[in-house]
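Before any comments, here is the structure.
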2 protein chains.
Amino acid sequence: MYKVALVDDHTLLSEAIGGLVRQFINFEVVNISVNGKEFINYLENADSDKPDVVLMDVKMPVMGGVETTKYLSKHYPRIKVLALSVEEEESVVMQMIRSGAKGYLLKDTRKSILEQALLEVINYGFYYTNTVERIVSQTENLYEEEVVLKDREIEFIKHACTEMTYKQIAEKMFLSPKTIEGYRESVFQKLGLKNRTGLVIYAIKNNIFTP
Amino acid sequence: MYKVALVDDHTLLSEAIGGLVRQFINFEVVNISVNGKEFINYLENADSDKPDVVLMDVKMPVMGGVETTKYLSKHYPRIKVLALSVEEEESVVMQMIRSGAKGYLLKDTRKSILEQALLEVINYGFYYTNTVERIVSQTENLYEEEVVLKDREIEFIKHACTEMTYKQIAEKMFLSPKTIEGYRESVFQKLGLKNRTGLVIYAIKNNIFTP
DNA sequence: TTAAAAAAGGGGATTTTCCCCCTAAATTAA
DNA sequence: TTAATTTAGGGGGAAAATCCCCTTTTTTAA
């Protein structure tokens, strides 16, 4: 019997998908959690019954999919993570794969694909759809040196996603406008942006800011 | 036997939720469509078997939840629409309610609530959760004269959500920069915005632009 | 058919943003 | 403990964005 766990903040969906998984032969659902923290908590207190596969949502409150997957890859490498999300954004897909996810399913896939994906992840270690395959190969070859934003820069970006002027942002962060100017410059440079509008779009796409 | 239809572009979810609904006593699923257009198409070709309730997603390609609900309210007033979405945005909730939805469930509600909501919508005509109740009463009392944006303004807004300068937007729209300036002015005035950043956030919140 | 509104465009001033180049202190690594 | 990096900050200028007030043409409605 293969053991499956679900991590998704949308209870109705995880319950419903749990029902689907139970229909598959040789599958059982051992746990449903609403976020990564709750799931890890479950793992530490249950020595047996550890799942073989986790169906993991990406966007969740408290502890998101990326962070949780990183944790699992490190501390429970035998548990396979299969991402299951509505996010089609390439960067999101790549983040999950880089964090150790063995596959990435969109929520518009069919029931039969879900079963196939679960089986393949268990038996072969991974399952890539064509879309994900493409994204991975494209992005991987494109030797993109991963952009690393510093904490202070992230904070600046969040503020930049409001109607405040840079001067007002400086006040709010207790810094000189010129320092903010420096953050702006380095962020623009790192991300290849032309103006603040681009920054806002970037921040939203990458979940730094949620409108 | 109450007849339920599902409209959601995420096949896996609608299949799964369909399974849930089938578990409820006296309920059957008569149709699952991936968008409003497909659903309406189904309705016109099936004289019997018309559903009592439709579980409707909001964000869908081709024909979204708001548009579809408006159409149903007009042409099939006896079919009740129950929105089922991840969108928590107040404006989105209000748009659905105004379009004729009899209730609005978030995808993180429990199975039992779904059953209760379905029953109440069928028997009493509507089902409002506390959250929706609050949003409706707040927004309704707040005699907000609905902002009407013109087509040309919407087009401008979409362009303003890119890294183009206003001059470049003017070129793209075959207009003088000064005309664009006029659009900017009137849009800012109508929406009470301070700068372009605010406009971008507004556009994304209101699905004028999707990043 | 005539008045009113909407659409397109302009002048000119101020503020904000963007860009490049440069310095001092503090922290970190070798 | 020195060298390198990070963090914070500055000068000055050009380009955009913002604001206010005003004109002409086209559409729409009474």
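Quick note: numbers below take in every heavy atom, side chains included, and nothing from hydrogens, waters or symmetry partners. Convention: sequence-line order gives letters A, B, ...; per-chain numbering from 1.
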N/O donor to acceptor pairs below 3.5 angstrom from side-chain atoms of residues 51-69 of chain B, sequence neighbours left out:
{"from": "B:Asp52", "atom 1": "OD2", "to": "B:Lys3", "atom 2": "N", "distance (Å)": "2.7"}
{"from": "B:Thr68", "atom 1": "OG1", "to": "B:Gly64", "atom 2": "O", "distance (Å)": "2.5"}
{"from": "B:Thr69", "atom 1": "OG1", "to": "B:Gly65", "atom 2": "O", "distance (Å)": "2.6"}

Please tabulate, for the side chains in residues 202-211 of chain B, all donor-acceptor contacts under 3.5 angstrom to protein atoms that are two or more places apart in sequence or on a different chain.
{"from": "B:Asn206", "atom 1": "ND2", "to": "B:Tyr202", "atom 2": "O", "distance (Å)": "2.9"}

A:Lys102 bridged to A:Glu120 by N-O distance under 4.0 Å: no

Presence of salt bridge, B:Arg152 and B:Glu155, under 4.0 angstrom: yes

Any A:Leu20 side-chain heavy atom under 4.5 Å of B:Leu12 side chain: yes

End axis versus end axis in the helix from C:dT1-D:dA30 to C:dA30-D:dT1, the angle rounded to 10°, five pairs used at each terminus: 50°

Review item, nucleotides 9-12 of chain D N/O atoms under 3.5 Å of protein N/O:
{"from": "D:dG9", "atom 1": "OP2", "to": "A:Ser176", "atom 2": "N", "distance (Å)": "3.1"}
{"from": "D:dG9", "atom 1": "OP2", "to": "A:Thr179", "atom 2": "OG1", "distance (Å)": "2.7"}
{"from": "D:dG9", "atom 1": "O5'", "to": "A:Thr179", "atom 2": "OG1", "distance (Å)": "3.1"}
{"from": "D:dG10", "atom 1": "OP2", "to": "A:Ser176", "atom 2": "OG", "distance (Å)": "2.7"}
{"from": "D:dG11", "atom 1": "N7", "to": "A:Lys178", "atom 2": "NZ", "distance (Å)": "3.2"}
{"from": "D:dG11", "atom 1": "O6", "to": "A:Lys178", "atom 2": "NZ", "distance (Å)": "2.9"}
{"from": "D:dG12", "atom 1": "O6", "to": "A:Lys178", "atom 2": "NZ", "distance (Å)": "2.8"}

Side-chain (A:Asn195) to main-chain (A:Gly198) donor-acceptor, under 3.5 angstrom: yes

Check: A:Gln168 side chain, A:Thr165 main-chain N or O, donor-acceptor pair, under 3.5 Å: yes

Strand-adjacent residues in residues 162-170 of chain B, judged by heavy atoms under 4.0 Å from DNA chain C: none

Residue-level proximity of residues 183-193 of chain A to DNA chain C when a heavy atom falls under 4.0 Å: A:Arg184, A:Glu185, A:Phe188

Donor-acceptor pairs under 3.5 Å, side chain of residues 176-194 of chain A to any protein atom, not counting sequence neighbours: which ones?
{"from": "A:Ser176", "atom 1": "OG", "to": "A:Lys178", "atom 2": "N", "distance (Å)": "2.9"}
{"from": "A:Glu181", "atom 1": "OE2", "to": "A:Arg184", "atom 2": "NH2", "distance (Å)": "3.1"}
{"from": "A:Ser186", "atom 1": "OG", "to": "A:Glu153", "atom 2": "OE2", "distance (Å)": "2.8"}
{"from": "A:Ser186", "atom 1": "OG", "to": "A:Tyr183", "atom 2": "O", "distance (Å)": "3.2"}
{"from": "A:Lys190", "atom 1": "NZ", "to": "A:Val148", "atom 2": "O", "distance (Å)": "2.9"}
{"from": "A:Lys190", "atom 1": "NZ", "to": "A:Glu153", "atom 2": "OE1", "distance (Å)": "2.9"}
{"from": "A:Lys190", "atom 1": "NZ", "to": "A:Glu153", "atom 2": "OE2", "distance (Å)": "3.4"}

Spatial distance of atom CD1 (A:Ile113) from atom CG (A:Leu118) [nearest 0.5 Å]: 11.5 Å

Contact nearer the 5' end of DNA chain C, comparing B:Arg152 with A:Thr197: B:Arg152

Would you tabulate the side-chain donor-acceptor contacts of residues 124-136 of chain B under 3.5 Å, counting partners in other chains and residues two or more places apart, or write 'none'?
{"from": "B:Thr129", "atom 1": "OG1", "to": "B:Val132", "atom 2": "N", "distance (Å)": "3.3"}

Pairwise salt bridge (charged side-chain N to carboxylate O under 4.0 Å, His left out) hits with a residue in residues 165-174 of chain B, at least two apart: none

By side-chain contact (heavy atoms from CB on, under 4.5 Å) - contacts of A:Asn123 (at least two apart): A:Tyr2, A:Leu119

Heavy-atom closest pair, residues B:Leu84 and B:Leu106: CD1-O, 4.2 Å

B:Glu163: partners by side chain to side chain donor-acceptor pair (under 3.5 Å), with sequence neighbours left out: none

Bounds of contact between DNA chain C and chain A, in 5' to 3' order, using a heavy-atom cut-off under 4.0 Å: C:dT16 to C:dC20

Residues A:Asp108, A:Val86; criterion side chain to side chain contact (heavy atoms under 4.5 Å, CB included); working and verdict: CA-CA 8 Å; A:Asp108 62 358; A:Val86 289; over 6 Å; no

Rounded interatomic separation in angstrom, taking CZ from B:Arg196 and P from D:dC19: 14 Å

